[in-house]
Amino acid sequence: MELKNVTLEKKERVAVVTINRPKALNALNSETLKDLDVVINELENDKDCYVVILTGAGEKSFVAGADISEMKDLNEAQGEEFGILGNKVFRRLENLDKPVIAAISGFALGGGCELAMACDIRIASEKAKFAQPEVGLGITPGFGGTQRLPRLVGLGKAKELIYTCDMIKADEALRIGLVNKVVPLENLMEEAFAMANKIAENAPIAVKLCKDAINRGMQVNIDEAIAIEAQDFGKCFSSEDQKEGMNAFIERRAKSFQNK
Ligand code: DAK
């Protein structure tokens, strides 16, 4: 399928997905969500890609939210359909079998902030701005904001941000734990690649299983979570990369992981 609003590039082990609708500050319309769904299919099947960077075209905006002009005339059924599509795509991204780093240049508002939160790690430029402005538009956050924001920044801060629609700058986002790192705008992609390449040096199956254990473990009690970790730990021992990593250590040589 031809992509209209999303591009996919690959640089060795790292794939870069760019939301490319700069005329609407990369707002998410259903066409863009469908493109993202297609790109996720491709990434799922790409055994040579170990890490994904998700970004927005241009310097002004990562994603300025769900597309308000498309949403404004939706009826109840269409609103539900739009929500189901968005949530499906966001969950697929969150559960993708490789880490996703959001590289956030500018606005990450509403669905844009929610998209960043569905990623594993967020790197923001000093110019980035974050908000959940939905209640000011007469709606609730619909792509997981009421659920992922409190999990990331705690209940009180999430409620404050969601009820007030306050827009916060990158330094505040870093302080409250919404982003992992803040860097100068001109270094954003370089920093994202540096982190992606560092992750890609490690055993991809082990990284994938860590993502699985963390994501699933955070949703259940500690006893179930430890059982999930034990299962994922066990799975490593059926991989060639576990043998390679440990043999390389014993033999004092460089390791060479094959994603097997
Ligand atoms: N949707 C559509 N177009 C947008 C947009 C958006 N979210 N944000 C910006 N644009 C468009 C503007 O309309 C403008 O288009 P033209 O007039 O040039 O054709 C162009 O991008 C440039 O924007 P501005 O002229 O406004 O640029 P400024 O620098 O003056 O302002 C801004 C930048 C980001 C502060 C401003 O554009 C802004 O406030 N944008 C809206 C931000 C916002 O409220 N985003 C949250 C959207 S609500 C659900 C699923 C999802 C959601 C809810 C429910 N269900 C489960 C059903 C999610 C909701 C949201 O994300």
Side-chain angles (χ1 to χ4, degrees), residues 4-7 17-37 39-40 54-95 100 102-119 122 124-153 157-173 178-179 185 188:
K4 298 201 177 73
N5 301 324
V6 177
T7 63
V17 177
T18 306
I19 314 283
N20 187 20
R21 269 191 93 209
K23 66 176 174 6
L25 302 183
N26 305 323
L28 300 172
N29 58 4
S30 32
E31 202 174 65
T32 308
L33 290 169
K34 284 178 190 153
D35 280 0
L36 263 177
D37 205 34
V39 164
I40 293 169
L54 176 65
T55 194
E59 296 187 342
K60 187 169 171 181
S61 182
F62 170 68
V63 168
D67 191 301
I68 299 171
S69 33
E70 181 177 326
M71 273 192 304
K72 76 178 170 47
D73 295 321
L74 296 184
N75 60 29
E76 189 175 333
Q78 291 164 327
E80 192 177 333
E81 195 183 326
F82 184 67
I84 289 170
L85 171 66
N87 275 308
K88 179 184 108 175
V89 171
F90 282 34
R91 279 295 279 160
R92 289 191 70 205
L93 191 68
E94 191 167 41
N95 290 328
V100 184
I104 304 157
S105 55
F107 293 114
L109 308 179
C113 188
E114 291 169 306
L115 182 62
M117 290 191 288
C119 298
R122 286 150 291 283
S125 93
E126 289 165 346
K127 309 260 186 223
K129 289 188 177 149
F130 301 81
Q132 293 294 155
E134 285 86 349
V135 294
L137 295 164
I139 55 175
T140 58
F143 291 151
T146 60
Q147 303 309 310
R148 292 194 184 96
L149 191 59
R151 282 168 169 79
L152 268 175
V153 306
K157 197 37 111 175
K159 286 181 172 174
E160 179 189 330
L161 289 172
I162 291 171
Y163 300 166
T164 62
C165 303
D166 276 352
M167 195 181 286
I168 58 168
K169 293 185 179 165
D171 55 350
E172 175 68 355
L178 179 54
V179 300
L185 179 59
L188 179 64

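First listed ligand is number 1; within each ligand, the first listed atom is number 1.
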What protein heavy atom is closest to [atom], reported as residue, atom name and distance in Å?
atom: atom 54 (C) of ligand 1; answer: Gly142 CA, 3.5 Å
atom: atom 50 (C) of ligand 1; answer: Phe143 CE2, 3.2 Å
atom: atom 3 (N) of ligand 1; answer: Ala24 CB, 4.1 Å
atom: atom 48 (S) of ligand 1; answer: Leu137 CD1, 3.4 Å
atom: atom 57 (C) of ligand 1; answer: Gly79 O, 3.3 Å
atom: atom 36 (C) of ligand 1; answer: Leu25 CD1, 4.7 Å

Using heavy atoms and a threshold below 4.0 Å, how should the contact between [X] and ligand 1 be classified: side chain, backbone, both, or neither?
X: Ile139; answer: side chain
X: Ala27; answer: side chain
X: Lys60; answer: side chain
X: Lys23; answer: backbone

For [Y], does its backbone N or O pair with a side-chain atom of [X] as donor and acceptor, under 3.5 Å?
X: Arg21; Y: Ala27; value: yes
X: Ser125; Y: Leu185; value: no
X: Glu114; Y: Gly145; value: yes
X: Gln132; Y: Leu109; value: no

Under 4.0 Å from [atom], do we find at least one protein heavy atom?
atom: atom 39 (O) of ligand 1; answer: no
atom: atom 24 (P) of ligand 1; answer: no
atom: atom 21 (O) of ligand 1; answer: yes
atom: atom 12 (C) of ligand 1; answer: no
atom: atom 45 (N) of ligand 1; answer: yes
atom: atom 42 (C) of ligand 1; answer: yes
atom: atom 7 (N) of ligand 1; answer: yes
atom: atom 17 (O) of ligand 1; answer: no

Examine [X] against ligand 1 and note whether any of their N/O atoms are separated by less than 3.5 Å.
X: Pro141; value: no
X: Ala66; value: yes
X: Gly111; value: yes
X: Ile68; value: yes
X: Glu114; value: no

> Ser69 and Asp67: side-chain hydrogen bond (donor to acceptor under 3.5 Å, both in side chains), yes or no, with the steps?
Replying inline: CA-CA 6 Å; Ser69 33; Asp67 191 301; 2.7 Å; yes

>> Can you confirm whether or not the ring centre of Phe130 sits under 6.0 Å from the ring centre of Phe62?
In response: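 Not close enough - the centres of the two rings lie 6.0 Å or further apart.
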
> Is there a side-chain contact between Ile19 and Thr55 (heavy atoms, below 4.5 Å)?
Replying inline: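 A side-chain contact is absent here, since even the closest heavy-atom pair is not under 4.5 Å.
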
> Under 4.5 Å between any side-chain heavy atoms of Leu28 and Phe90, yes or no?
Replying inline: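 Yes, close enough: below the 4.5 Å cut-off.
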
> What is the minimum heavy-atom distance between Val135 and Ile162, and which atoms define it?
Replying inline: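 Closest pair (atom of Val135, atom of Ile162, distance): CG2-O, 3.3 Å.
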
>> Please determine whether the number of non-hydrogen atoms from other residues, nucleotides or ligands lying under 6.0 Å from atom CD of Gln78 exceeds 12.
In response: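 Correct, the count exceeds 12.
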
>> Measuring from atom 55 (N) of ligand 1, which candidate in Gly144, Pro22, Gly83, Ser69 has the nearest non-hydrogen atom?
In response: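 Among Gly144, Pro22, Gly83, Ser69, the closest heavy atom to atom 55 (N) of ligand 1 belongs to Gly83.
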
> Any heavy atom of Gly86 sitting closer than 4.0 Å to ligand 1?
Replying inline: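 The answer is no: ligand 1 sits nowhere under 4.0 Å from a heavy atom of Gly86.
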
>> So, 4.0 Å and heavy atoms of Thr140: is ligand 1 close enough to count as a contact?
In response: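 Yes, that is the case, since the closest heavy atom of the residue is under 4.0 Å from the ligand.
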
> Looking at Asp35, Ile84, Val39, Asp37, which hits side chain to side chain contact (heavy atoms under 4.5 Å, CB included) with Val89?
Replying inline: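 Between Val89 and the candidates, side chain to side chain contact (heavy atoms under 4.5 Å, CB included) is satisfied uniquely by Asp37.
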
> Looking at Thr18, Thr32, Asn20, Asn26, which one forms a side-chain hydrogen bond (donor to acceptor under 3.5 Å, both in side chains) with Asn5?
Replying inline: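 One option only clears the test, and that one is Thr32.
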
